[in-house]
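Note on naming: letters A, B, ... go to the chains in the order of the sequence lines (proteins, then strands), and numbering restarts at 1 for each one.
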Amino acid sequence: MHPFRTHTCGELRREHSSGSVRLSGWIFRKRDHGSLLFIDLRDHYGLTQVVIQPDRDFFETCQKLRLESVITVTGKVEPRTEDTINPELPTGAIELLADSVVVESEADPLPIYLAGEEDGPEDLRLKYRFLDLRRERMHKNIMLRSKVISDIRRRMIEDHGFSEFQTPILTSSSPEGARDYLVPSRVHPGKFYALPQSPQQFKQLLMLAGFDRYFQVASCFRDEDARADRSPGEHHQLDIEMSFVTPEDIFAVVESVLYGVFTKFSTWKVDATPFKRIPYAEAMVKYGSDKPDLRIPIEIVDISELFRTSKFNAFRSIVEKGGVIRAIPVTAIADKPRSFFDKLVEYAQSIGSKGLAYLVFEAGAVKGPLAKFLSPDDLTALSKMCGTKDGDVVFFVGEMAKEANRIAGDLRLKLGRDLDRVEKDCYRFCWIVDFPMYEFDDENKAVIFSHNPFSMPQGGLKALQEMDPLKIYAYQYDVVCNGYELGSGAIRNHQPEIMYKAFEIAGYSRESVDKDFGALIKAFRLGAPPHGGIAPGIDRIIMMLTHEENIREVIAFPMNQRAQDLMMNAPNDVSIRQLRELHIRVELPKHHEHKDQPVQDQLPKT
RNA sequence: GGGGGCGUAGCUCAAUUGGUUAGAGUCCCAGACUGUCGAUCUGGUUGUUGCGGGUUCGAGUCCCGUCGCUCCCGCCA
């Protein structure tokens, strides 16, 4: 007999009855009746009830064992009597009558609960992540992650003819983008490697190498602050690149994979392919966001023109100054109490709106302080543009366009959630297309890249030479689901002349482009296929499939918001010797100088 | 870097307008119990109310500062 197990804890059924078996696992729960002891033995596969009878010499030992101790039980599979069958448990028709028990590992009292639904404080969960991961929900999340990734790989390779590649983790720092994680070089004093923010240049170079269809489940390292949907330090992308393609070719692959994965691993409804395509400019007006949550059936309307000549000074002057007026029509809330509207106005102000006007369409009339400033014709036009019916309310935001988008978009989300108008149990996908190539940086009064500088401008060199840079679109697209940006991609700029020109507009000299992207530019002169790609975020996909609201719940060993690994105690101090070897001297900011290690204590010795 | 929320026993939480010795459940410890499946019952231990200062006869509660966690803004080519 195998020293640890003949079966797993999720395996035994009535047909195994009277056979002698061996199980190993953790003591999940104990029910001690004094002269009879039940142990729920848990392993990766399931739970089996073990019965310890009082005449056994290991009875007392088992009574004293704490939860989560690891034991090996040998005994007979007994069918349970009709009245003791547990229908909740797959193994509930049988139990294991113990003949011998070996204690493999005795557990101390646990710092966190495993058997309940409650999470406990997150810093403790992260510090004892290996315990946290034993909990059913976390175990399921991580297993789903494993299955989804392997399913994605299969789809990429078998359904779409991609090959998987590895690219370097130690590479060079590039000036664009997020802050880099740096690794000092021992051999080259004063020089540093950087961890890749993404394998961007490598995957493009693989296209130049002629591999045609690249993918990688890639670790990406960015030293940026965390969010609920953004893990600090490192995250994972399904990195894709394809040669000789149009955006539609890339959309087709991503739609096929995402639709397939989401329908396979969720019971929620998934948008049929092709996913809706929404130009960036339209999304910013209609949803106030470039990652719209299409589950909310509220669409913002631009009504600036109505107010250009209106008697309502506040809005007219905003329009005259180049600002915009946006209407947020909401159906069937005219009967909401005054406090509802007051709270919403207060909320609007808290997110930076100057105010929040609204009109109530009720009983064939229009009520609200704004009503008297609008002519009957204007009101009719407004009502038509917003599609209002009796019982509807229209909210108004008047700001400069960027602010108006942000505020109206925020209000749209809040209204959708507060009024419970978010469509349930579905994944609503879309593509945001036609991103602007450049934007104006108000702070530095300069034209800058609005997204990826490697994107091909729509209209090519001609557009760069002749058009207002701020009006040029890039072949740049995002795939969005339920208000989350799942991935971002582009058709790349593979022509050196267009690249120099594109960078020149953003204020980079030919020399600086050569210096920073030399490898790529040189390669582009040696035969470059037109190519493009995208990189959907794996962690976010899993987060959506598990319905988690925090990305840490789908990562086995995540860092906390301040980019610390509380379990491994990273980042930590290193020895002077290590620093010397790397030619590094540490100069701490003043307020850190007299502080001890800020990170949590090491694990207690057990 | 900025803004919001939270911080009371190992864990989850309570504590009236500021008012006696800060409670309950759970975990843990001891005892009882042969059919439980979140076993049950009895008893017990557990506190720098995050930390520091202030107001007050009196502070878990009010004020100021600070630390930690978290959410958001900035940032994320």
B:C73, OP1 or OP2 - any side-chain N/O from A:R227 closer than 4.0 Å? yes
Any chance you could lay out the side chain to side chain contact (heavy atoms under 4.5 Å, CB included) test for A:Q476 and A:I491, step after step, and finish with the verdict? CA-CA 7 Å; A:Q476 167 93 40; A:I491 297 296; over 6 Å; no
Any side-chain N or O of A:S35 under 4.0 Å from OP1/OP2 of B:U34? yes
Say you pick atom P in B:C62 and the same atom in B:G7; how far apart are they, in whole Å? 11 Å
From the list B:U36, B:C71, B:C75, which nucleotide is the closest neighbour of the side chain of A:Q49? B:U36
Would you tell me whether A:D180 and A:Q197 have side-chain atoms, one donor and one acceptor, within less than 3.5 Å of each other? yes
Whole Å only: how far is the CD atom of A:E95 from the C1' atom of B:G35? 8 Å
Are the aromatic ring centres of A:Y45 and A:H7 under 6.0 angstrom apart? no
Is there a donor N/O on one and an acceptor N/O on the other, under 3.5 Å, for the side chain of A:R222 and the base of B:C76? no
Using whole Å, report how far CD1 of A:I52 lies from P of B:G35. 17 Å
So A:R552, base contact, sugar-phosphate only, or nothing? Heavy-atom distance under 4.0 Å. sugar-phosphate
Where the side chain of A:R31 is defined as all heavy atoms beyond and including C-beta, which of B:U36, B:G74, B:C11 is the nearest nucleotide? B:U36
So if I take every side-chain heavy atom of A:R29 and compare against B:C75, B:C69, B:A39, which nucleotide ends up nearest? B:A39
Between A:F517 and A:F454, how do the two ring planes meet: parallel, tilted or perpendicular, split at 30° and 60°? perpendicular
Considering only heavy side-chain atoms of A:F38, the closest of B:U36, B:C37, B:C75 is B:U36
A:N452: partners by side-chain hydrogen bond (donor to acceptor under 3.5 Å, both in side chains), with sequence neighbours left out: none
Has A:Y181 got more than 12 heavy atoms of other residues, nucleotides or ligands less than 6.0 Å from its OH? yes
Whichever of A:K30 and A:T81 has the more 5' nearest nucleotide on RNA chain B, that residue is A:T81
Euclidean distance for C1', B:G44 against B:G5 (whole angstrom): 38 Å
Base-paired stems that RNA chain B participates in, counting runs of 3 or more Watson-Crick or G-U pairs under 3.5 Å: B:1-7 with B:67-73, B:10-13 with B:23-26, B:28-32 with B:40-44, B:50-54 with B:62-66
Euclidean distance for C1', B:U21 against B:U17 (whole angstrom): 22 Å
Donor-acceptor pair (no angle test) under 3.5 Å: A:Q53 side chain, B:G35 base: no
Please work out if A:E122 contacts a base, only the sugar-phosphate, or nothing of the nucleic acid, heavy-atom cut-off 4.0 Å. sugar-phosphate
When the C1' atoms of B:U8 and B:G47 are compared, how many Å lie between them, rounded to an integer? 8 Å
Under 4.0 Å between any heavy atoms, over every strand shown, what does A:S198 touch: base, sugar-phosphate, or nothing? Just pick one. base
From the set B:C69, B:C37, B:C28, return the single nucleotide nearest to any side-chain atom of A:N560. B:C69
For atom CD of A:Q197 and atom C1' of B:C75, their distance in whole Å: 12 Å
Got a salt bridge between A:E346 and A:K343, using NZ or NE/NH1/NH2 to carboxylate O under 4.0 Å? no
Answer with yes or no whether A:R80 presents, from its side chain, a donor or acceptor under 3.5 Å of a partner atom in the base of B:C37. yes
Any base atoms under 4.0 Å from A:F449, or only sugar-phosphate, or nothing? Heavy atoms, all strands. nothing
Between A:R540 and A:L97, the residue closer to the 5' end of RNA chain B by nearest nucleotide is A:L97
Whole-Å distance separating the CG atom of A:L486 from the P atom of B:C76: 21 Å
Atom CZ of A:R562 and atom C1' of B:C71: how far apart are they, to the nearest Å? 16 Å
From the set B:C33, B:G74, B:U36, return the single nucleotide nearest to any side-chain atom of A:Q63. B:C33
Quote, to the nearest angstrom, the C1' distance that separates B:G65 from B:C76. 33 Å
Nearest to the side chain of A:Q561, heavy atoms from C-beta on, is which of B:G35, B:C76, B:C71? B:C71
Taking B:C72, B:G35, B:C37 as options, the one with an atom nearest any side-chain atom of A:L36 is B:G35
Does B:A39 have A:H33 stacked on its base, where the ring centres are within less than 5.5 Å and the planes differ by under 30°? yes
Taking atom C1' in both B:A30 and B:U46, what distance in whole Å separates the two? 15 Å
Sticking with atom C1', work out how far B:G2 lies from B:U12, rounded to a whole angstrom. 33 Å
Quick check for you: among B:U36, B:U12, B:C72, whose closest atom lies nearest to any side-chain atom of A:A228? B:C72
Distance flag, aromatic centroids of A:F435 and A:Y473, threshold under 6.0 Å: no
Should the side chain of A:D83 and the base of B:G35 be counted as holding a donor-acceptor pair, with the cut-off at 3.5 Å? no
Over how many whole Å does the gap from A:E346 atom CD to B:G4 atom C1' extend? 14 Å
Mind checking if A:L124 touches a base, just sugar-phosphate, or nothing, with heavy atoms under 4.0 Å? sugar-phosphate
Tell me what A:R66 touches on the nucleic acid: a base, only sugar-phosphate, or nothing, going by heavy atoms under 4.0 Å. sugar-phosphate
NZ/NE/NH1/NH2 to OD/OE distance under 4.0 Å, A:E548 and A:R137: yes
For A:Q200, report the nucleic acid contact type (base, sugar-phosphate, nothing); a contact means any heavy atom under 4.0 Å. base
When you check the gap from the basic side-chain N to the acidic O, do A:E497 and A:K501 get nearer than 4.0 Å? no
Pick the C1' atom in B:C63 and in B:U26, then give their distance to the nearest Å. 36 Å
Taking CG from A:D290 and P from B:C76, how many angstroms apart are they, rounded to a whole number? 14 Å
When rounded to whole Å, the CG to P distance for the pair A:L566 and B:C69 reads 7 Å
Checking all strands, does A:D32 fall into the base, sugar-phosphate, or nothing category for heavy-atom contacts under 4.0 angstrom? base
A:Y484 six-ring face occupied by A:R540 cation (under 6.0 Å, within 45°): no
